[in-house]
Student: 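I have a structure I would like to understand better, so I am pasting it below and will then ask my questions one at a time.
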Amino acid sequence: MEDQATGLRTIRPVAYQETDNRFRIVSDANGMGKALIEHCDFFDTNYLRAARSCIAFAEGNATPEKVRADFIQALMSAGVFVREG
């Protein structure tokens, strides 16, 4: 999918716990990339897989569901609560 206003490729939104009392929702590669950098261990294989997926997605070489799944797995691996719905 692509957001007509921004031109960014988008995914089905993912909500994750950013702080004890605040959730953030991301739906594009830029938001996912920022979340990965802020919350994940750069040496974790799940982080590396998700980062590669985000880049491939931004370039049009990965499906929205693949990048979304990799992103969620990386956050969960880092101990971040992800709200599925």
Student: Show every salt bridge (charged side-chain N to carboxylate O under 4.0 Å, His left out) that has at least one partner inside residues 56-67, sequence neighbours left out.
Tutor: R12-E65, K66-D70

Student: What are the two closest non-hydrogen atoms of D28 and I11, and how far apart are they?
Tutor: N-CG1, 4.4 Å

Student: Specify the closest pair of heavy atoms between C54 and A29, including all atoms of both residues, with the distance to one decimal.
Tutor: O-CB, 3.8 Å

Student: Could you state the interatomic distance from CG (D41) to CG (N46), rounded to the nearest 0.5 Å?
Tutor: 10.5 Å

Student: Assigning hydrophobic clusters by single linkage (Ile, Leu, Val, Met, Phe, Trp, Tyr; side-chain heavy-atom cutoff under 4.5 Å), is L48 placed with M76?
Tutor: yes

Student: Considering non-hydrogen atoms only, spot the tightest contact between F23 and A15 and give its length.
Tutor: CD2-C, 4.3 Å

Student: With a 4.5 Å cut-off on side-chain heavy atoms, are F42 and I37 touching?
Tutor: yes

Student: Would you list the pairs meeting salt bridge (charged side-chain N to carboxylate O under 4.0 Å, His left out) in which at least one residue belongs to residues 18-27, sequence neighbours left out?
Tutor: E18-R22, E18-R24

Student: Flag the pair Y16 / V26 as yes when at least one side-chain heavy-atom distance between them is below 4.5 Å, and no otherwise.
Tutor: yes

Student: Which atom pair, heavy atoms only, marks the closest approach of L75 to A35?
Tutor: CD2-O, 4.4 Å

Student: Within the 4.5 Å heavy-atom criterion, are F71 and V67 side-chain neighbours or not?
Tutor: no

Student: To the nearest 0.5 Å, what is the distance between CG (D44) and CZ (R49)?
Tutor: 8.5 Å

Student: Can you give me the closest heavy-atom contact between S53 and A62, atom names plus distance?
Tutor: O-CB, 4.0 Å

Student: What's the spacing between N30 CG and T10 OG1 if we round to 0.5 Å?
Tutor: 12.0 Å

Student: Minimum heavy-atom separation for P64 to R9, with atom names?
Tutor: CD-NH2, 4.4 Å

